[in-house]
Amino acid sequence: MHIVYPVVVSALLFSIGVYGVLARRNAILVLMSVELMLNAVNLNLVAFDVWLRDRLHSGQVLTLFVIVIAAAEVGLGLAIVLAVFRTRRTIDVDRLRALSENAAGTDDESGDGDGGGDREGDRNGGGSRGTVASGGGEAAT
Amino acid sequence: MTSQAQPGLWPPSGPEIVFLLLGVVALGSALLVVTTRRLVHAALWLVVCFGALAGCYLVLTAEFVAWVQVLIYVGAIVVLLLFGIMLTRAPIGRSADLDSGNRWAAAVVGVATAGVLVSVVVSGFHTAYTPLEPGQGAAGTLGSSVFRTWVLPFEVLSVLLLSALIGAIALSRTDIGGRE
Amino acid sequence: MGRLLIALVAVPLLGAAALTMPAFRTRGRAVAFGTAVSGLVLALTLAAVAAFALPYGQDGPTGGGPDGGMRLQTDLPWIPGLDLRFHLGVDGISLPLVVLTALLTFLCFVHLTRHPPAGGRQRALVCTLLVLEVGMIGTFLALDLLLFFVFFEVVLVPMYFVIALWGGTERRAAAVKFILYTLLGSAVLLIGLLVVWAQAGTLDMVALAERRGAGMPRSAQILAFLAIGAGLAVKTPMWPLHTWLPDAHTEAPTVGSVLLAGVLLKMGSYGFARVAIPMLPEGAAALAPWLGALAVVGIIYGSLACLAQRDIKRMIAYSSVGHMGFVLLGFATLTPVGMNAALFGNVAHGLITGLLFFLVGAVKERYGTADMARLGGGMLGRMPHLGSLLTFACIASLGLPGLAGFWGEMLALLGAFRPAAGLPRPLFLVFMAVGGAGTVLTAAYFLRLLSRVTHGVHRAAPSEPEAAAGHGVVGARAVEQGVPARTAGEAAGIGGDERAGDAGEIGGTGETGQVGGTGGAVDVTAREWAAWVPLVVLIVLLGLWPKTLLAVTTPAVQAVFGPGMVVP
Amino acid sequence: MIAIVALIILLPFAAAVAGLLGAKVGTGRRGGGSRTESSGAAAGRRAAWFAITAAAASAVLTLWLALRPALDLPTGAASRPGGAGFWDSFLPGRVEGALTLIETGSLPISVSLRGDGLSVLTGILVVMVALAVQVYSVGYMRGEPRYPSYSAFIGLFTSAMLLVVYAGDLIVLYVGWEIMGICSYLLIGHWWEDRANSRAAVKAFLVTRLGDVGFLFGIFTLGMAAGSFRIDDVLRADIPTGTLIAATLLLLMGVAGKSAQVPLQTWLPDAMAGPTPISALIHAATMVAAGVFVVARLYPLFLGARPTLDVLAVIAAIGMLGAALAALAQDDLKRVLAYSTISQLAYMAGALAAGVRGAAGLAGLSGLSGLSGLSGPDVPYGPDLSEGDVVFGGIGPPGVHGLGEVGGDEAAIFHLLSHGAFKALLFLCAGAVIHHAGSNLMSRMGGLRTALPVTFWTMTIGFAALMGLPPASGFFSKNAVISVIEDSDGVVQPFLYGSALLTVGVTGAYATRAWLRTFFGPAQPRGEPQPEPLPEEPREEPLTEVLPGTAAHVSDGREAPRSMLWPIGVLAVPALLLGFTWPWVAGRGVMGSGVGWGSAMIDLVVALLGAGIVYALWRGDPVRDPARLLGPFRVPCERAFYVDTVYAALVARPMLRLARGVVRADERVIDGAVRGSGRAAIGLSGVVRLVQNGNAQLYVTGLVAGLLLIAVAAAVVLA
């Protein structure tokens, strides 16, 4: 067996997984794409294990471990997705923007804190935190 | 290890042809997973992909891994994913907005990844060859390896699995801990 | 003997560490402990002075040195891989500053025992101040460039917290500005030090000073002097790198202002005397005219800015710009007399401005504001002791002969009269004339301050709208500030919501806040006398007998410039 | 011997410290509202004892110094660099002692004192007037709660002036010089409750400080040129003429500031805001005298710099006439005396500017050693010799000195002493008058002759001396000054001489006017508690307003208390008789020998002419102010020719405007740049922040793309 065949398949599978992670909106689809990438890695591990004739079978054993971890990961990931779905009513990845900078107009003013607007900036910061929290609260109810 | 009598890359031998066919199936179904417009179809194409991969493992003489793949991936994970689709009330039919606006950037990055990886592995391994010897990945050999050499990571892994389980429960149940 | 200097650094550090023990949770005990520790440091400093007074060559195998050289040295490996050494020592240039640091810190603690700043958290404050003392003393003792830099930086963090946690209403912005500005300066300074290291191959300050720049090309010296000078100038502060200073001083609590003006600014000018000028003589010679020009601009500019200030604390902060301008002018002359002037000016400014900030802190505590218009004059009538002390301090600060402030300024001008060979003399004569005009302006703004605050008959402060309308920002700020008394509510409010703290402030009005308004204010308290009298005594002593200081600094300064550079 | 000198200086200082710290142990340093009346009075008494004892001790020691036949060193060329002084015959020799030498890295400063005839002469004036003022103040300031600090500051002031007088080193001299400045600030602003007093004090300090900066630079120039700050070394050094001119011109700035000469004279009239004894102290004996004293002390240097003397002459000529005219138009009695002080100081400056006749043209100092000196008490010296017809070559060999030549410095010091005596007398008398009248304004006085007989007679002596009427001291000293001016041969001599003569007349006029309007004419209703507030001038002595009941002056009695009358009486003696003792001081032995009778007659006639015109006007209408003879000139004169206005417009206001501009520029430009950099950073980060839109996929895309780029780059580099 030429190693290059499984390795190339694995590389292409990985790239497809990458595309899926980057392009899909639905969080479950993203999880699926992650699984694709993990499987690409598994294939690599097995192929190299065979090629190198490892007496400890580290490649295959690690593949087993990866599969187990993938199972755990999917379980946890789905739990998180469900939690997000409960609070946000959506699992579209590009609509979950809690990580973003607050786009409110007052943010620019908190910049000149050295001019005395520090307290204002604090208030804005607090305010933005407040909206996030309260938004979450609304969704939860 | 590369042996002295190393066959050329082309034409492929029998197992290689099987492998390539399975690989094409796996890649094609994977492509469908990331492009299909129906969620449930995606999950089902994933089953096909995993199955084809299990076949690949078999060709590569990793029997035990192949069975585990079928059991856990096809049997457990896909089911979990389907439950997830169900619980998030995803539309069963066609939905137009499964891809984000990021798709073209993702395509570019994906193709670039493929290009880089393929060119690297091809340039690195185009001469690598090993004859396949059945029995390398049998349950017995693998089992003895796991429970001799890898027993400690194995145990750690079981703890990890347990904690992941508990974590999943804690996350998915609304009446435990959490927000005030 | 060498262990003495290690003890100087270690004692406050151990003290700060000890404060983490829960035994100091009890109210007030932390301050007493801090007083004891800083008192111990002061005693050790005096022991160092006594050891210094011994004839040369009697302080152990590691000490000793040529006349005017380093004494009490201790030299331990620190990071052997980089050839960094924990090298401490003291000479005539650093000794007065070490004593000044120890004294001012001790007096700050004495003052703290009865006058805790608003904001509570006394234990944290004591701890912070002790760490600050470690950095300050270490800076003056360090003889390894990187060690110097480390101590130089150590100071910033505690000072940041002192301003940010115990300061006035605008404290956060001031603290952020302070730390960012000075960190930027330190970064430039570090670059300069690295240039020196790269060129000279050693970080040993004694060796570098003895080498007098030999082996370093002129361009590298100029570059290094530029970087080091800019870094130090931020700290000093030199015009136009001074704008962090007024904000920091205005917002810092009394002890913070005292240490900031009394010691921290000196670290910058000390760097000129210790690092920039001795190690990079050619760079110094090339850039001295610029340094002098910026110094005199600072003198005039600072004085003019003072003339139009309304807030006393801010005014004194700007006066520091002017006074440090004289110090820098002294350095710029590159003469022994100029450096003597700078060192004398350093110490004098530390004493006088320290006293001034103590006094203004007391005024603010009693009146609830430091805005001249709202103080309303007549302090000599209402609080004769405080008014008299303020008069004394202002007169000392304006450079009256017979008080400490004079000699630094006079000698700086004398140095400018005949700068080192190679410097353009006409230019320095212009600097001298401008500096002389600066002394008149200095007198003008201090007398204006006295006239407005201590003289006249006390009136009630103008009604709030009037103040706000008439005095614009300052008035509004003062109104916003409201009352000085901050309660525990404010302390709690520091971490969290600012407005809650303000509410606590208003709640505390009844106790101390009204004191300022009703005229029942107390004059100077016993603790304040204890904290201030040593400063007064030293100011008079140095003024009447400048030899006490000049006799210490002159040999060291002569050693810096070498025997060949003494002006006949 | 030098210990005595040190003691003379230190005693008032020690008393000042004791008075400040010790007078009110347990009660407080300065007046406070909480103290009881009795403890305040006790503190005042204690402070008075300190102050008067020290002043008296200083005076005794000074007199003892003066009455010794000679100081330690024998007189001789070796010990007397720069030529012999005119004081040689009074007190030959010189004593000097250095306490220590302060190394500065450049020229060392020697903390040294020196005593010689000039010092002792001036010292006598200082300690005498100081003693008189201290004694007088006990009565004048009775009930004043801040008396201890007041008397302590006087002590400090005296000490500083004595330090100037006895300084052996220019820097030491400068120290005393400046301390005087701050003491004048503290004393003029003694009644600080009134903002105007405070302003006057600030003005006095600032104007003199401005001059002092030049003075300090002058010291630098001299010291650097001579290689030492010791006065002896400086006098002995061979300094190039250019340097000398620069140095003396710079010194002149300080002299003009302290001695209130044009153009720095404006502080002095305002300084009348202080208590009257302070006016006597500052404007008669100490501060204003310091300037003249310093010029006399360094006179050989000034003689070597002819242009400086010409400048001084112009200053003096303008100052004496302008100030005299201003004095003529004032309504405030103290301001009359203040302007008269400026005018009289200008006389001294004029005398100094006149130089030593014949020597003035000399550039070097080499010829000076025998010029200004008088060899001894046995030199024949007659009235006819001083007339100006003494033939004097000027470039004689050392040892051949002009017989009877009165040097400019001698005339100046002579006038300084006599002026110190009579002006102190006048101020103290004016204090008594003001006490009685309750106002400073002469329009509120009149007819006080009968109410205040002692004051009347003593003040008459003072005015006579001021006018230069024989036999009062002013007659002799002023005549000496005018003779010197007349004999000088500078470029501006005619101008100076004309101005001096004219001023004699105006002096006669304003002295007569003040005398008449105060003591004669109809009595004015007394009891105005407070003088009319003048719009632009500081109000004087708001005693009753400030300290109701505490400043209990004896306004209902006939005269001031005895402690005030005694100093007045004592001062009247030298004011009257000093002229007769001067020849003894100057070592001439013949009575009246300082006077050139011919020119003296001219002066006398001019003075009487001025006085007569005023008298005639006054006789015409005793109620109306004789100053009306000035006509349209009167208002400019009263406002002192608008110099204050000009300064306010040219210096003070632009400076304040500049200050405000600086503050604004500081906020907007410099701090603006700092904040701008912060804001620019934040703005840039805002741009970067746009990428941070919360879409995790975008982040990962970037991440992977970056990873790929790095991988490709690594591959390319390694390949």
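The sequence lines fix the lettering, A, B, ..., with proteins before strands; numbering per chain opens at 1.
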Looking only at heavy atoms, the pair that brings B:Leu161 and A:Ala72 closest together is CD1-CB, 3.6 Å
In terms of heavy-atom proximity below 4.5 Å to chain A, should [X] be classed as side chain, backbone, both, or neither?
| X | result |
| --- | --- |
| B:Leu81 | both |
| B:Thr36 | both |
| B:Thr149 | side chain |
| B:Leu160 | side chain |
| B:Phe50 | side chain |
| B:Leu27 | both |
| B:Ala43 | both |

What part of A:Leu43 gets closer than 4.5 Å to chain B, counting heavy atoms only: side chain, backbone, both or neither?
->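 Both the backbone and the side chain of A:Leu43 come within 4.5 Å of chain B.
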Under 4.5 Å from a heavy atom of chain B, the part of A:Leu64 involved | side chain
Chain A shares the most heavy-atom pairs under 4.5 Å, among B:Ser144, B:Ala42, B:Gly23, with B:Ala42
What option among B:Leu117, B:Thr88, B:Leu157 has the most heavy-atom pairs under 4.5 Å with chain A?
-> B:Thr88
[X] (side chain) donor-acceptor with [Y] (main chain) under 3.5 angstrom:
| X | Y | answer |
| --- | --- | --- |
| B:Trp150 | A:Phe65 | no |
| A:Gln60 | B:Val65 | no |
| B:Ser100 | A:Ala23 | yes |
| B:Asn102 | A:Leu22 | yes |

Is a side-chain donor-acceptor pair under 3.5 Å present for B:Gln69 with A:Asn39?
->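 Result is yes, a qualifying pair exists.
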Go through A:Phe48 and B:Phe125 one step at a time and tell me if the ring-ring contact (aromatic ring centres under 6.0 Å, His included) criterion holds.
-> CA-CA 11 Å; A:Phe48 280 98; B:Phe125 300 106; 5.0 Å; yes
Note: A:Arg25-B:Asp99 ion pair, threshold 4.0 Å (strictly below) |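 Salt bridge between A:Arg25 and B:Asp99, a charged N being under 4.0 Å from a carboxylate O: no.
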